[in-house]
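Heads up, the thing below is written out as structure tokens.
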Amino acid sequence: MNTKQTSKRRWTLLAIAAVVVVAVVTATITALAFSILERKNEARAPKQQVVALDETTVDPAVWGKNYPAQYESYMKTKEMVPGPGLFDTMSPETRTPTADDPRTQIMPQRNDEDPRITHMWAGYAFSKDYRHPRGHYYMLEDQRLTKRVQDFKQPGTCLNCHASMPTIYSKLGNGDQQAGFDKVNSMTYAEATKYAEHPVSCIDCHDPKTMKLRVTRPAFIRGIKALKASQGVTNFDPNTDATHNEMRTFVCAQCHVEYYFKGEGKTLTFPWDEGIDIDDIYSYYQKEGFTDWTHGETGAPMLKAQHPEFDIWSNGIHAENGVTCADCHMPYQSQGAQKVSDHNLTTPLKTVNASCMTCHHASDDEMIKRVEKIQGRFVHSRDQAFDALVQLIADIKAERDAHGDTADVKRAWEYQRKASFYLDYVYSENSHGFHAPDYTQRILNDVTDACRKGQLALKGVSDEQMQPSENTLADDKKVAQTRG
Ligand code: HEC
Ligand code: HEC
Ligand code: HEC
Ligand code: HEC
Ligand code: HEC
């Protein structure tokens with residue numbers, strides 16, 4: 001072999017090596033790129049469709065075949081595990097099942113914890129049975145078995161927030177959700193609940209074809225449209241006009257809100273036409289002339305508030321910063337490259353690290369202490385307001401027993417009605433003041449103020465004499481300006 005030939009061979013070998021190297025590198029890069037793409041897609045649209053889902057798929061177990069991680073955490077709402085913090089939000093009592101109530105575990109009675117409740121709600125179903133909430137898994141059976149349903153006649157309207165509804169609306173309304181909703185409301189509860197198969201399910205919050213978040217409750221769709229209109233946004237439809245971030249709250253706001261049954265049709269209605277500050281809501285009820293019940297000890301026309309989580313959150317610092325219900329109550333869990341939203345809806349104190357530290361920088365203990373501090377101050381003010389209300393009720397009762405329903409007693413009723421609604425509003429809100437700490441304190445101050453005025457009214461002090469001072473009026477004007 002001469003040198004020329006050797007050199008030619010070398011060049012050929014080198015060329016082949018180069019081609020091989022390039023091929024290997026290309027293949028590696030391509031493979032890597034594909035794998036990144038795959039992981040990205042995985043993170044976005046987690047699973048291939050194993051089963052086909054459509055508008056008739058109510059059973060969450062079927063959805064679970066396509067989305068096992070979400071299904072698994074969704075089913076955890078069945079487990080009753082206490083969390084840390086000031087309040088034991090999850091310690092059920094065991095009970096011996098009976099023929100008409102097969103439950104072996106049940107949440108503790110709120111009425112037993114605080115005898116003042118029986119005065120606040122004297123003469124109303126709530127004073128008979130009102131328990132702590134537990135996981136979504138139980139929402140249907142807890143509603144069917146409460147004494148408020150067993151011993152009192154309730155309308156089908158109750159069902160709207162305690163079952164998976166889209167297929168029921170479709171069935172009863174022949175494909176028209178609004179017509180189905182009206183039908184449910186006009187039925188008795190006993191009749192309506194026969195249609196219910198499941199507690200809130202995947203289909204209530206997700207479009208079965210695209211998995212996009214959606215709202216399915218006509219009461220919320222009407223309510224949010226009215227609320228947006230009060231803020232100058234007309235014809236708002238959450239399913240087409242809401243941002244993705246808003247939807248992460250709106251799916252919860254279909255149920256975790258203050259509501260009432262409007263008119264003869266018992267239409268489920270959210271009182272947001274004038275806005276979502278408690279003064280707007282109270283003013284709405286005053287104009288409607290709505291009354292839930294007549295007070296058993298004083299005869300006053302009363303309003304009942306219930307679980308205004310969305311309403312109070314709306315007035316807090318987290319809402320202002322775009323922090324949604326899902327951010328805290330459905331934190332991401334990593335599963336490989338997949339980001340899975342925790343569907344075990346419960347207290348975020350069980351998951352402070354995942355729930356809070358995406359934005360805050362503190363230890364778990366420190367974060368829990370911050371929550372406890374807010375809740376401790378809340379309980380302090382709430383208890384003073386509660387005592388004031390019970391004292392007002394006692395005074396009205398005594399005046400009535402002595403002199404009947406005098407003009408002053410009737411004036412005092414108005415103050416009792418307001419004080420009771422405002423106290424109930426923050427009492428029946430389940431975060432113990434956390435969702436909007438200073439807003440909640442402000443409301444409690446209104447309660448104590450209304451109780452004081454009610455007691456003065458009984459002494460014959462005129463409404464004019466109790467008018468706010470010039471200073472207060474000037475300050476109120478400034479506040480009104482900040483609210484735009
Ligand atoms: C707008 C939605 C909505 C409607 C309508 C509704 N609920 Fe509820 N209900 C909830 C939410 C949210 C909770 C959990 C928060 C809580 O317990 O405060 C709940 C909790 C409950 C509980 C468990 C805690 C307790 O209070 O003992 C029972 C029982 C119950 N509801 C019965 C009823 C009955 C009866 C009606 C009809 C009169 C009704 N619900 C109508 C949303 C609703
Ligand atoms: C269809 C109505 C409905 C929707 C939608 C809904 N909830 Fe609930 N939620 C309820 C009811 C009813 C209960 C009480 C069930 C019981 O006590 O049996 C409840 C209970 C809870 C609890 C108490 C559980 C515990 O461990 O103490 C939390 C927390 C909660 N919901 C958060 C949320 C969040 C966050 C969303 C939105 C992602 C949401 N819910 C959407 C009706 C609803
Ligand atoms: C910034 C975080 C955060 C946001 C946002 C938030 N929550 Fe909460 N929520 C909490 C904390 C903290 C508690 C108190 C838990 C405790 O005391 O154990 C709580 C309590 C609750 C409870 C009572 C839970 C129980 O165990 O009884 C419900 C129901 C609830 N929130 C619903 C909502 C809804 C609905 C929204 C949106 C409108 C929302 N939360 C927004 C942090 C948040
Ligand atoms: C009360 C409303 C609600 C219910 C019920 C619900 N989800 Fe979700 N789901 C959410 C929210 C909120 C998100 C966060 C979506 C986002 O920000 O894109 C989510 C996200 C998801 C995602 C996207 C990936 C992820 O984990 O973030 C999948 C898949 C999913 N849910 C499946 C299910 C399945 C399966 C069920 C029934 C077993 C179900 N969901 C029930 C509210 C709900
Ligand atoms: C997505 C971001 C985000 C998440 C998640 C979040 N926060 Fe916040 N938080 C904020 C912002 C922003 C503020 C307002 C800070 C400011 O402007 O001073 C705030 C304020 C607070 C405050 C002060 C409240 C007040 O009224 O002054 C507390 C306490 C708090 N957060 C606790 C929590 C807890 C507990 C969690 C988890 C359960 C949590 N946060 C989750 C963003 C978040």
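In listed order, ligands and their atoms are each counted from 1.
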Completion exercise
If we number the atoms of ligand 2 from 1 as shown, the ones under 4.0 Å from a heavy atom of Arg217 are 1 (C)
Practice task
Could you say whether the N/O atoms of His244 and ligand 4 ever approach to under 3.5 Å?
Solution key: yes
Exercise for the section: Examine Tyr332 against ligand 4 and note whether any of their N/O atoms are separated by less than 3.5 Å. Expected result: no
Exercise for the section: Could you tell me which atoms of ligand 4, counted from 1 in the order shown, lie closer than 4.0 angstrom to a heavy atom of Met330? Expected result: 9 (N), 10 (C), 11 (C), 12 (C), 42 (C)
Handout entry: Carboxylate-amine/guanidinium proximity below 4.0 Å for Lys228 and Asp241
Key = no
Handout entry: Part of Gln143 with heavy atoms under 4.0 Å of ligand 2, whether side chain, backbone, both or neither
Key = neither
Practice task
Can you run down the salt bridge (charged side-chain N to carboxylate O under 4.0 Å, His left out) pairs that involve residues 314-335, sequence neighbours left out, and say none if there aren't any?
Solution key: Arg248-Asp327
Exercise for the section: Output, by chain and residue number, all protein N/O/S atoms separated from atom 8 (Fe) of ligand 2 by less than 2.8 Å. Expected result: His136 NE2, His256 NE2
Handout entry: 4.0 Å heavy-atom contact, Asn160 with ligand 1
Key = no
Exercise for the section: Just go through Arg248, His343, Lys339, His198 and tell me whose heavy atom is the nearest to atom 40 (N) of ligand 4. Expected result: His343
Handout entry: ligand 2 contacted by Ala326 (non-hydrogen, < 4.0 Å)
Key = no
Exercise for the section: Give yes or no for whether the N/O distance cutoff of 3.5 Å, strictly under, is met between Ser201 and ligand 4. Expected result: no
Exercise for the section: Check ligand 1 against Leu268 and write out every atom of the ligand that is under 4.0 Å from a heavy-atom position of the residue. Expected result: 5 (C)
Practice task
Only heavy atoms count here, so choose which of Gln338, Gln254, Lys65, His206 is nearest to atom 20 (C) of ligand 4.
Solution key: His206
Exercise for the section: May I ask you to check if ligand 4 and Trp63 share an N or O to N or O distance below 3.5 Å? Expected result: no
Exercise for the section: Answer yes or no for His307: is there an N/O/S atom below the 2.8 Å cut-off from atom 8 (Fe) of ligand 1? Expected result: no
Problem - Within 45° cone and under 6.0 Å: Lys418 NZ/CZ vs Tyr422 ring - result: yes
Problem - N, O or S atom of Cys205 closer to atom 8 (Fe) of ligand 4 than 2.8 Å - result: no
Handout entry: Interfacing atoms of ligand 4 (cut-off 4.0 Å, heavy-atom, Tyr67)
Key = 29 (C), 35 (C)
Practice task
Look at Cys202 and state whether any of its N, O or S atoms is less than 2.8 Å from atom 8 (Fe) of ligand 4.
Solution key: no
Practice task
For Ser381 and Gln441, run side-chain hydrogen bond (donor to acceptor under 3.5 Å, both in side chains): C-alpha distance rounded to whole Å, both residues' side-chain angles, the deciding distance at 0.1 Å, then the answer.
Solution key: CA-CA 7 Å; Ser381 303; Gln441 289 287 350; 2.7 Å; yes
Fill in the blank from the handout: In ligand 1, the atoms that come under 4.0 Å of a heavy atom of Thr146 are 29 (C)
Exercise for the section: Considering only NZ, NE, NH1 and NH2 on the basic side and carboxylate oxygens on the acidic side, decide whether Glu191 and Lys153 come within less than 4.0 Å. Expected result: no
Fill in the blank from the handout: Only residue of Phe270, Phe421, Tyr259 satisfying ring pair (Phe, Tyr, Trp, His ring centres under 6.0 Å) with Tyr285 is Phe421
Practice task
Mark up the atoms of ligand 4 that fall under 4.0 Å of a heavy atom belonging to Ser341, in ascending order.
Solution key: 14 (C), 25 (C), 26 (O), 27 (O)
Problem - Proximal ligand 1 atoms for Asn430, defined as those under 4.0 Å from one of its heavy atoms - result: 15 (C), 16 (C), 18 (O)
